[in-house]
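Here, residue 1 is the first one in the sequence, and each next residue gets the next number. Whatever order the structure lists ligands and atoms in, that order sets their numbers, starting from 1. Keep in mind it's a predicted model, so treat the numbers as computed, not measured.
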Amino acid sequence: MKIILTLSIFLICFLQLGQSVIDPSQKDVMSDLLFNMYGYSLGLDPCQNLFVICKNINSTSTFQTVTNLNLGTPTQEYVITQDLSPLQNLTVFELYSSIYLSSSFFNYVNKFTKLKEIYLQSFNVTIPDDTIFPASLERFTIYNPSVPLGRATFESNIKNIFINSPLIGFSLPTLINVNPYLEYLSLPVTFYSGFPSNLSQVFTNLLTLQIRVFNDMNENNYKNFSISNNGIFKNLKDLEIEFTDSDNPQEFSIHSFLSNVPVIDYIYIYGQGVTIDPSVGILDLSYIKADNLYFNIDSSSILNNCKGTCIKFPKYSTFDSYYCKFSYDAIDFSNLLRFYDNNNDYEQNLPNIDNAPLLNEISISSSIVVGDIPESYCRINNLFLRNNELNGTVPSCIICLGGNKGGGMVLPNPLLNFNITSEPYCPNFKIDENYTNLLPTDGTGNIIITGTNLGWAEGYGLTPIIANSKLAITIPKGVGTNKNITVTFQNGEQGTFYYSYIPPFIKSYAIIELFGQKFFTINGTGFNYQNSNNITINDQQFTFINALGGGDNDGLTGWYFFDIPNFATESNFTVSALVGGQSSNEVTFYYFNSINITEEKLVLNNTGGSVDINGSFGTNNTSLVSVSINGTNCLVTSYTNSKLTITYPSNQVGDNYVLTLNVGGYAVNLVVEYIEGGETPTPSTTPSTTPSTTPSTTPSITPSTTPSTTPSSTPTQSPGDDGSTSSTLSISFYLITLLLLIQQFI
Ligand SMILES: *[C@@H]1O[C@H](CO)[C@@H](O)[C@H](O)[C@H]1NC(C)=O
Ligand SMILES: *[C@@H]1O[C@H](CO)[C@@H](O)[C@H](O)[C@H]1NC(C)=O
Ligand SMILES: *[C@@H]1O[C@H](CO)[C@@H](O)[C@H](O)[C@H]1NC(C)=O
Ligand SMILES: *[C@@H]1O[C@H](CO)[C@@H](O)[C@H](O)[C@H]1NC(C)=O
Ligand SMILES: *[C@@H]1O[C@H](CO)[C@@H](O)[C@H](O)[C@H]1NC(C)=O
Ligand SMILES: *[C@@H]1O[C@H](CO)[C@@H](O)[C@H](O)[C@H]1NC(C)=O
Ligand SMILES: *[C@@H]1O[C@H](CO)[C@@H](O)[C@H](O)[C@H]1NC(C)=O
Ligand SMILES: *[C@@H]1O[C@H](CO)[C@@H](O)[C@H](O)[C@H]1NC(C)=O
Ligand SMILES: *[C@@H]1O[C@H](CO)[C@@H](O)[C@H](O)[C@H]1NC(C)=O
Ligand SMILES: *[C@@H]1O[C@H](CO)[C@@H](O)[C@H](O)[C@H]1NC(C)=O
Ligand SMILES: *[C@@H]1O[C@H](CO)[C@@H](O)[C@H](O)[C@H]1NC(C)=O
Ligand SMILES: *[C@@H]1O[C@H](CO)[C@@H](O)[C@H](O)[C@H]1NC(C)=O
């Protein structure tokens with residue numbers, strides 16, 4: 001026994017430390033390659049070499065197979081002539097500089113059926129046009145190509161192609177066939193390489209296009225490069241054009257290209273050469289559907305030569321510039337959200353932002369801006385104007401802060417009325433008296449204050465909505481009336497604000513089972529989220545747990561069901577709450593042990609229509625039933641214990657709707673998705689209208705959706721309820737929390 005044990009330990013050690021067991025043909029080719037490239041001894045295990053990764057062929061086998069080659073630069077240039085096709089499990093193939101392939105590689109490249117990535121730092125062979133790349137290949141990277149690059153690469157299924165640092169001899173092919181697979185293309189262009197200008201026609205699904213232009217018109221055989229705007233880059237998100245290494249750059253007018261990129265959200269332009277043709281007037285990008293375009297230029301001349309305003313962006317765009325020299329007049333600020341400009345060499349005043357209602361952030365630094373900081377800059381929530389040549393005056397909102405606090409935004413600058421030692425001076429500081437003072441109990445509320453020279457924000461709890469004129473004070477969870485909070489403004493002034501929490505309001509109830517335990521829960525607003533809630537049911541008092549949920553949804557409070565009186569089915573009971581000394585409405589609910597919708601989700605036509613909902617609904621009494629979708633009432637056209645039919649309103653396509661079924665106060669929610677579909681929109685869903693789809697309706701059931709003879713039992717339509725019950729959090733999350741809370745009570 002001992003011997004066997006020792007033997008097997010020995011064997012395990014041998015297998016792990018000694019030679020790996022690798023396919024003989026793989027071992028042969030790897031040993032030959034490593035010996036010739038690096039002098040790696042033929043006797044050694046190729047899997048132990050630093051540049052090679054092997055893996056066990058499966059989890060139960062110790063047999064190994066080569067998966068990655070990351071061959072580092074050898075001491076001498078090396079051309080791989082070995083037949084690598086035995087490496088059939090290769091997934092990553094990387095050759096660092098001075099290692100060349102021979103063209104035979106491309107004859108068998110399709111045998112690497114698991115190959116995901118090829119990365120080559122040296123490249124001097126022609127890829128035959130009939131090369132078939134493996135379907136698994138996702139990324140092909142070539143540096144320093146010195147030969148024409150044939151069509152094969154561009155007609156393959158490869159998703160990502162990256163080619164960089166071309167050498168003399170490199171050229172790009174003419175492209176004819178459409179390739180819908182390519183998503184990412186990074187190409188160099190030189191004065192000798194040519195360029196497939198019809199990119200948008202052949203690469204119909206391209207997401208990212210990077211072009212690095214090495215063009216100098218002083219070179220012999222110089223050819224202009226251009227991109228045709230025939231065809232649309234319908235998916236292009238990211239365009240990056242770099243003009244580098246050029247004394248005498250060609251002019252590339254980007255105007256026509258950018259007229260066909262409907263969803264682009266990132267544009268990067270580097271270097272001299274890209275222009276907006278002055279004859280086209282304004283480059284209007286506001287047609288672009290992305291509403292957060294990031295437009296980034298660096299050392300670029302694109303805005304240098306335009307006359308007047310020459311570029312306009314889509315709404316909520318960001319403009320970001322480094323080392324340029326352009327006039328702010330070139331830019332239409334009306335849709336910009338953020339404006340960043342660094343090291344702009346053009347001497348001018350700060351941009352006029354009177355027609356820039358969305359602008360929220362301005363950062364201009366190390367630029368030759370002179371003159372005043374206009375009063376209009378007081379409303380910018382993120383303002384940064386350091387290291388410029390501003391030699392005029394600052395507005396009162398900055399003086400209010402004093403040099404110590406305001407300096408962080410606008411100094412150093414040779415300003416006339418402001419320096420680091422300036423004392424805060426704020427005679428016009430004013431808070432309007434009409435601030436909001438009724439707040440939710442769940443901690444999501446803010447006191448909104450308006451006024452003059454209120455500053456930005458200081459410390460915890462103050463957030464600018466519009467700097468200096470409209471701020472929000474965060475109010476924590478709480479209950480009750482006659483509260484106050486004192487905040488310190490940025491200029492040092494203090495303000496005390498008085499507020500009350502909204503009184504409790506009960507909307508519905510439900511009985512929910514979790515872990516075999518039943519809970520009686522109440523939904524509504526204004527509950528206590530920090531402490532237990534006092535709930536009165538038929539004059540008897542119960543202590544329910546801290547409320548859960550809240551925010552956009554109603555809150556929920558609950559308690560063990562066995563505590564609650566056991567009612568007869570459909571008997572009525574009254575519920576009210578006392579929270580923080582404030583009483584809720586008193587509601588009359590009807591008792592059901594369970595109301596249950598069987599469907600997991602409802603899919604509705606955006607034109608509106610009629611739909612059945614299955615479940616167990618507890619009663620045949622239609623007058624107790626109401627159904628709403630996001631707060632809009634639906635007409636209930638037929639109702640039984642197990643199936644109800646509603647006429648539902650039209651809505652926009654989307655999956656964040658919530659249907660609420662309320663049976664005598666017992667409410668359950670159901671996720672609703674609206675899809676494109678259906679016929680003519682149903683004209684109306686008001687209860688008074690006779691439903692257009694009534695054939696199956698049993699005559700005995702009155703199509704009334706007003707369940708309430710008692711107003712108090714129509715809990716779903718409270719004035720405070722905006723209907724936006726975009727409840728995405730699952731109820732079980734709340735119930736687990738509920739259970740945890742209840743544990744503490746026991
Ligand atoms: C692992 O590979 C060995 C050798 O090819 C084979 O016999 C075995 O069935 C494989 N096991 C699994 C789980 O695939
Ligand atoms: C390649 O891997 C598979 C399992 O993934 C294995 O069965 C096969 O033997 C390996 N081929 C070689 C040559 O190692
Ligand atoms: C590629 O370059 C290597 C190293 O300079 C050279 O040995 C080889 O012949 C070249 N191959 C071709 C096809 O020019
Ligand atoms: C600010 O500097 C500019 C440029 O040097 C100059 O033309 C202007 O007169 C200066 N303004 C003030 C108020 O000094
Ligand atoms: C700052 O400005 C005040 C007047 O506003 C002036 O008296 C003082 O010398 C200035 N300090 C510096 C460091 O320029
Ligand atoms: C207070 O009243 C002023 C003037 O009507 C108004 O502009 C401001 O928005 C109000 N403030 C709040 C917080 O409602
Ligand atoms: C503010 O509320 C606290 C209790 O939180 C109270 O002690 C204080 O007197 C109130 N201040 C004012 C000015 O009402
Ligand atoms: C709840 O009601 C009990 C009994 O009326 C009372 O003692 C207690 O203070 C109340 N709690 C709250 C938070 O209102
Ligand atoms: C009751 O409140 C919980 C927690 O906010 C929520 O998940 C649930 O959808 C609400 N139920 C109804 C019927 O509104
Ligand atoms: C509740 O039920 C009682 C007896 O069943 C009845 O008298 C009373 O009118 C009902 N109240 C409401 C509001 O329906
Ligand atoms: C609702 O009905 C379905 C189907 O009958 C059932 O699986 C589910 O457990 C029921 N849920 C409740 C809370 O009764
Ligand atoms: C949606 O419209 C289609 C086509 O008119 C109809 O067959 C289907 O029943 C409708 N679905 C709903 C839920 O209204």
Side-chain angles (χ1 to χ4, degrees), residues 346-350 368-373 388-394 413-417 440 442 444 505-512 519-525 527 529 544-558 589 595-597 599 601-613 626-631 634 637 645-651 653 657-663 665-682 692-693 715-718 721 723-738:
Y346 189 90
E347 183 182 316
Q348 59 190 322
N349 291 323
L350 287 170
I368 312 183
V369 281
V370 299
D372 300 334
I373 301 175
N388 298 305
E389 298 182 13
L390 294 163
N391 58 352
T393 59
V394 299
N413 269 303
L415 290 157
L416 293 177
N417 64 342
D442 60 12
T444 62
F505 187 87
I506 295 171
K507 295 186 180 175
S508 63
Y509 82 101
I511 294 158
I512 286 163
F519 299 93
F520 182 89
T521 63
I522 296 178
N523 271 45
T525 54
F527 294 137
Y529 285 79
F544 279 40
I545 55 145
N546 307 7
L548 308 166
D552 287 341
N553 300 318
D554 291 337
L556 168 155
T557 179
F589 288 152
I595 302 290
N596 186 8
I597 297 179
E599 337 275 337
K601 178 182 171 180
L602 209 55
V603 178
L604 302 180
N605 293 322
N606 65 340
T607 56
S610 174
V611 70
D612 293 340
I613 300 171
S626 75
V627 176
S628 63
I629 294 177
N630 278 19
C634 301
T637 55
T645 307
I646 59 163
T647 304
Y648 61 89
S650 62
N651 257 322
V653 170
Y657 293 91
V658 179
L659 175 143
T660 303
L661 166 68
N662 187 308
V663 185
Y666 194 125
V668 288
N669 284 341
L670 177 63
V671 175
V672 176
E673 179 178 6
Y674 269 94
I675 58 167
E676 198 86 43
E679 282 135 23
T680 47
T682 28
S692 51
T693 49
T716 44
Q717 312 121 268
S718 76
D721 185 13
S724 62
T725 39
S726 58
S727 164
T728 44
L729 282 169
S730 94
I731 192 131
S732 52
F733 165 78
Y734 293 110
L735 288 174
I736 289 166
T737 319
L738 183 138

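- When only interatomic distances are considered, the shortest N/O to N/O separation between T660 and ligand 9 does not fall below 3.5 Å.
- The two residues P649 and I629 have their closest heavy-atom pair at CD-CD1, 4.4 Å.
- Side-chain atoms of T607 come within 3.5 Å of backbone N or O of G677 as a donor-acceptor pair.
- In this structure, F520 and Y509 have parallel ring planes: the angle between them is below the 30° cut-off, well short of the 60° mark.
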I'd like a table of the close N/O pairs between ligand 4 and the protein (anything under 3.5 Å), one pair per line with both atom names and the distance.
residue  : atom   : partner : partner atom : Å
ligand 4 : 2 (O)  : N391    : ND2          : 2.2
ligand 4 : 11 (N) : N391    : ND2          : 3.0
ligand 4 : 14 (O) : N391    : ND2          : 3.4

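- Atoms CG and CG, on D372 and N417 in that order, are 8.5 Å from each other to the nearest 0.5 Å.
- Close approach of ligand 12 to S610 (heavy-atom distance below 4.0 Å) involves ligand atoms 14 (O).
- Remark: ligand 12 atoms within the under-4.0 Å shell around heavy atoms of V603 are 13 (C).
- At a cut-off of 3.5 Å, with distance as the only test, a side-chain donor of T444 or D442 sits close to an acceptor on the other residue.
- Applying the 4.0 Å criterion to heavy atoms of D554 picks out, from ligand 9, the atoms 2 (O), 4 (C), 5 (O).
- When the side chain to side chain donor-acceptor pair (under 3.5 Å) test is applied to N388, no partner is found at least two apart in sequence or on another chain.
- Contacts between Y648 and ligand 12, counted as non-hydrogen atom pairs separated by less than 4.0 Å, involve the side chain only.
- If you number the atoms of ligand 9 from 1 as listed, the ones under 4.0 Å from a heavy atom of A667 come out as 13 (C).
- Remark: I368 CD1 to N349 CG distance equals 13.0 Å, nearest 0.5 Å.
- The backbone N or O of I545 lies less than 3.5 Å from a partner atom in the side chain of T557, making a donor-acceptor pair.
- Annotation: side chain to side chain donor-acceptor pair (under 3.5 Å) contacts of E389 (sequence neighbours excluded): none.
- With sequence neighbours excluded, the residues forming a salt bridge (charged side-chain N to carboxylate O under 4.0 Å, His left out) with E673 are K601, listed by chain and number.
- Considering backbone and side-chain N/O of S508, none are found under 3.5 Å from N/O of ligand 9.
- Close approach to G549 involves these atoms of ligand 9, each under 4.0 Å from a residue heavy atom: 5 (O).
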